[in-house]
Amino acid sequence: MQSYELQRLALPTGVELDVAIAGDPANPPVILLHGFPESHRTWRHQIPVLAANHHVVAPDQRGYARSSKPEGVENYTPDKPVADLIALADALDIDRFTLVAHDWGGAIAWMAALQHPRRITRLVILNAPHPQIFQRTLIDDPEQRRASRYIRTFRDTRIDQGLVGAGLERFFASTFTQHLVSAIAGEDKAAYLDEWSQPGAMTAMLNWYRASSIVVPEEGEAVDRPGWIDAPFPPVTQPTLVIWGMKDKALLPCQLDGLDRLVPNLTLVRIEEGGHFIPWEQHEAVNAALGAWLARTEG
């Protein structure tokens, strides 16, 4: 049974987002950001647990499911969803909050935590690389470069025309399921196909990759080394929990190397049998780690 209310909110950033909301607004707020190619349903196992003692907010981000899908790659640069996040908190009269994020939601969360340290009091990241480490490993680590070659495919706009109808079934059966540890079917599969089939959804979701400035070289390609990947980087000052599925095929364990230097107040939890989609594939382990950490840092 659904444990939350889905509301439609219009934001001053020019988009309307569907937002799952649960729990007492008087309780400490937690905002949950999903990644590709998902929706608020990423958090279906976390929302009811968190709602017992938190005010929980989980939007479908711009471009996803039935939220607004503005045309043009320029509308998906990372600053746009960061602005959506802050506008969403403002719309719900949330001043300071804990931010929990996975995958592309995590990329937005790293940036938001650096830019809005007063608003974001605690940060939880699930299988989403720190931007400096990610870019560095894409240059220096051949295995990570190989694992990330799908990004080059996603940036090719020619694939969009095939991602309709039966093409969505093929995308589900190949591109998506190859990153799963467990099988998925029935209601959950139907929910994905429904969200992906919304007009413009696949192009909008893929535009997040196309709008990113991260350089993904070809395997074996020699590229100029961006100076910022070796320069001093601003630290994330919030207490931060990173939960990592160690069998992630897209984001390898090298993403954790040196993370403690960039995040001084870091708690790291490794889920050895977890793949990329740990919020629901390993939800019991995630909920245990998240619950214990929130109890300690909020107490």
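In what follows, every heavy atom counts, from backbone to side chain, and hydrogens, waters and symmetry copies are set aside. Fair warning: this is a prediction, and the values are worked out from it, not measured in the lab. In this chain, residues are counted from 1 in sequence order.
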* **Heavy atoms of other groups near Glu71 CD, more than 12 under 6.0 Å** => no
* Could you check if a side-chain atom of Gln144 sits within less than 4.5 angstrom of a side-chain atom of Phe134, using non-hydrogen atoms only? => yes
* Asked: Taking all non-hydrogen atoms of both residues, which atom of Ala147 and which atom of Ala250 are closest, and how far apart?
  -> CB-O, 3.8 Å
* To do: Find out if a path of hydrophobic residues (ILVMFWY) with successive side-chain heavy-atom gaps under 4.5 Å connects Val100 to Val57.
  => no
* Structure fact -> For residues 185-206, the ring-ring contact (aromatic ring centres under 6.0 Å, His included) pairs (sequence neighbours left out) are Phe171-Trp196, Phe176-Tyr192, Phe176-Trp196, Tyr192-Trp196
* To do: Using a 4.5 Å cut-off on heavy atoms from C-beta on, say whether the side chain of Leu126 contacts that of Trp244.
  => no
* Asked: Between Val30 and His55, is a side chain to side chain contact (heavy atoms under 4.5 Å, CB included) present by the stated rule, with each step listed?
  -> CA-CA 6 Å; Val30 176; His55 181 210; over 6 Å; no
* Same hydrophobic cluster for Ile184 and Phe36, using side-chain heavy-atom links shorter than 4.5 Å among ILVMFWY? -> yes
* Lys/Arg N to Asp/Glu carboxylate O, Arg225 vs Asp230, below 4.0 Å -> yes
* Assess the pair Phe233 and His130: is the distance between their ring centroids shorter than 6.0 Å? => yes
* Asked: What is the distance from atom NZ of Lys249 to atom CG of Leu180, rounded to the nearest 0.5 Å?
  -> 8.5 Å
* State whether a side-chain donor-acceptor pair under 3.5 Å links Gln132 with Trp110. => no
* Residues Val19, Asp60; criterion side chain to side chain contact (heavy atoms under 4.5 Å, CB included); working and verdict -> CA-CA 6 Å; Val19 185; Asp60 291 341; over 6 Å; no
* Asked: Any donor-acceptor pair under 3.5 Å linking the side chain of Arg62 with the backbone of Tyr76?
  -> no
* Nearest heavy-atom neighbours spanning Val215 and Gln135 -> N-OE1, 2.7 Å
* **Pro48 and Tyr4, any side-chain heavy atoms less than 4.5 Å apart** => no
* Structure fact -> The single option from His283, Gln282, His179 that satisfies side chain to side chain contact (heavy atoms under 4.5 Å, CB included) with Phe277 is His179
* What is the distance from atom OG1 of Thr237 to atom CZ of Arg118, rounded to the nearest 0.5 Å? -> 13.0 Å
* Asked: Taking the six-membered ring for Trp, is the centroid-to-centroid distance between Trp104 and Tyr209 below 6.0 Å?
  -> yes
* For the pair His102 and Asn127, evaluate side chain to side chain contact (heavy atoms under 4.5 Å, CB included) and give the outcome as yes or no after the intermediate values. => CA-CA 6 Å; His102 172 248; Asn127 283 70; 4.2 Å; yes
* Judged by atom type as modelled, is there a donor-acceptor pair below 3.5 Å linking the side chain of Asp24 to the main-chain atoms of Ala26? -> yes
* Indicate the atoms forming the closest heavy-atom contact of Ala128 with Gly106, along with that distance. => CB-CA, 3.5 Å
* Identify whether Val82 and Val236 are in the same connected component of the hydrophobic contact network (ILVMFWY, side-chain heavy atoms under 4.5 Å). => yes
* What are the two closest non-hydrogen atoms of Gln161 and Val164, and how far apart are they? -> O-CG2, 3.8 Å
* Between Ser212 and Arg210, is there a donor-acceptor pair closer than 3.5 Å when you use the side chain of the first and the backbone of the second? -> no
* Asked: With no hydrogens and no angle check, is any side-chain donor or acceptor of Arg170 less than 3.5 Å from a backbone partner on Leu163?
  -> no
* **Cluster overlap Leu294 with Ile243, hydrophobic side-chain contacts below 4.5 Å** => yes
* Flag the pair Arg44 / Asp188 as yes when at least one side-chain heavy-atom distance between them is below 4.5 Å, and no otherwise. => yes
* Asked: Rounded to the nearest 0.5 Å, how far apart are OG1 of Thr13 and NZ of Lys80?
  -> 10.5 Å
* Ignoring hydrogens and geometry, is there a side-chain-to-backbone donor-acceptor pair from Arg96 to Thr121 under 3.5 Å? -> no
* Asked: What are the two closest non-hydrogen atoms of Glu195 and Ala201, and how far apart are they?
  -> O-CB, 3.5 Å
* To do: Assess the side chains of Asn287 and Gln46: does a donor N or O sit below 3.5 Å from an acceptor N or O?
  => yes
* Using a distance-only test with no angle check, is there a side-chain donor-acceptor pair under 3.5 angstrom linking Ser67 and Glu16? -> no
* To do: Tell me, yes or no, whether the heavy-atom count around Arg158 atom CZ, taken from other residues, nucleotides or ligands under 6.0 Å, exceeds 12.
  => no
* Report yes if the side chains of Leu17 and Leu11 come closer than 4.5 Å at any heavy-atom pair, otherwise no. => yes
* For Asn27 and Asn53, test the side chains for any donor-to-acceptor distance below 3.5 angstrom and give the result as yes or no. => no
* Using modelled atom types only, decide if a donor and an acceptor are shared between the side chain of Gln198 and the backbone of Arg66 within a distance under 3.5 Å. => no
* Structure fact -> Value for CG (Asp84) from CG (Leu9), rounded to nearest 0.5 Å, stands at 11.5 Å
* Could you check if a side-chain atom of Pro78 sits within less than 4.5 angstrom of a side-chain atom of Ile108, using non-hydrogen atoms only? => yes
* Ile159 vs Leu206, side chain to side chain contact (heavy atoms under 4.5 Å, CB included): CA-CA, chis, key distance, verdict -> CA-CA 10 Å; Ile159 70 173; Leu206 292 168; 3.9 Å; yes
* Asked: Are side-chain N/O atoms of His40 and Asp18 paired as donor and acceptor at under 3.5 Å?
  -> no
* Inspect the contact between Asp95 and Arg119 and indicate whether a charged nitrogen and a carboxylate oxygen are less than 4.0 angstrom apart. => yes
* Asked: So does Arg41 pair up with Asp194, basic N to acidic O under 4.0 Å?
  -> no
* Taking atom types as modelled, find out whether Arg296 and Thr267 have a side-chain donor-acceptor pair closer than 3.5 angstrom. => yes
* Do Arg270 and Met246 come within less than 4.5 Å of each other through their side chains, counting heavy atoms only? -> yes
* Transitively linked via ILVMFWY side-chain contacts under 4.5 Å: Val286 with Leu266? -> no
* **Nearest-0.5 Å distance that lies between atom CG in Asp141 and atom CZ in Arg136** => 11.5 Å
* **Heavy-atom pair with the smallest gap, counting every atom of Leu99 and Ala112** => CD2-CB, 4.3 Å
* **Test item: Glu219 side-chain N/O and Pro142 main-chain N/O as donor-acceptor pair under 3.5 Å** => no
* Does Tyr64 have its ring centroid less than 6.0 Å away from the ring centroid of His34? -> yes
* **pair Leu92-Ile21: side-chain heavy atoms closer than 4.5 Å** => yes
* Asked: Strictly by modelled atom types, are Gln178 and Ser174 linked by a side-chain donor-acceptor pair under 3.5 Å?
  -> no
* Atom CZ of Arg261 with >12 non-hydrogen neighbours under 6.0 angstrom -> no
* Heavy-atom count around Glu284 CD within 6.0 Å, excluding the residue itself: above 12? -> no
* Asked: So does Glu273 pair up with Lys247, basic N to acidic O under 4.0 Å?
  -> yes
* **Glu221 side-chain N/O to Glu218 backbone N/O, donor-acceptor pair under 3.5 Å** => yes
* Structure fact -> So CG of Leu138 and CD1 of Ile214: to nearest 0.5 Å the spacing works out to 7.0 Å
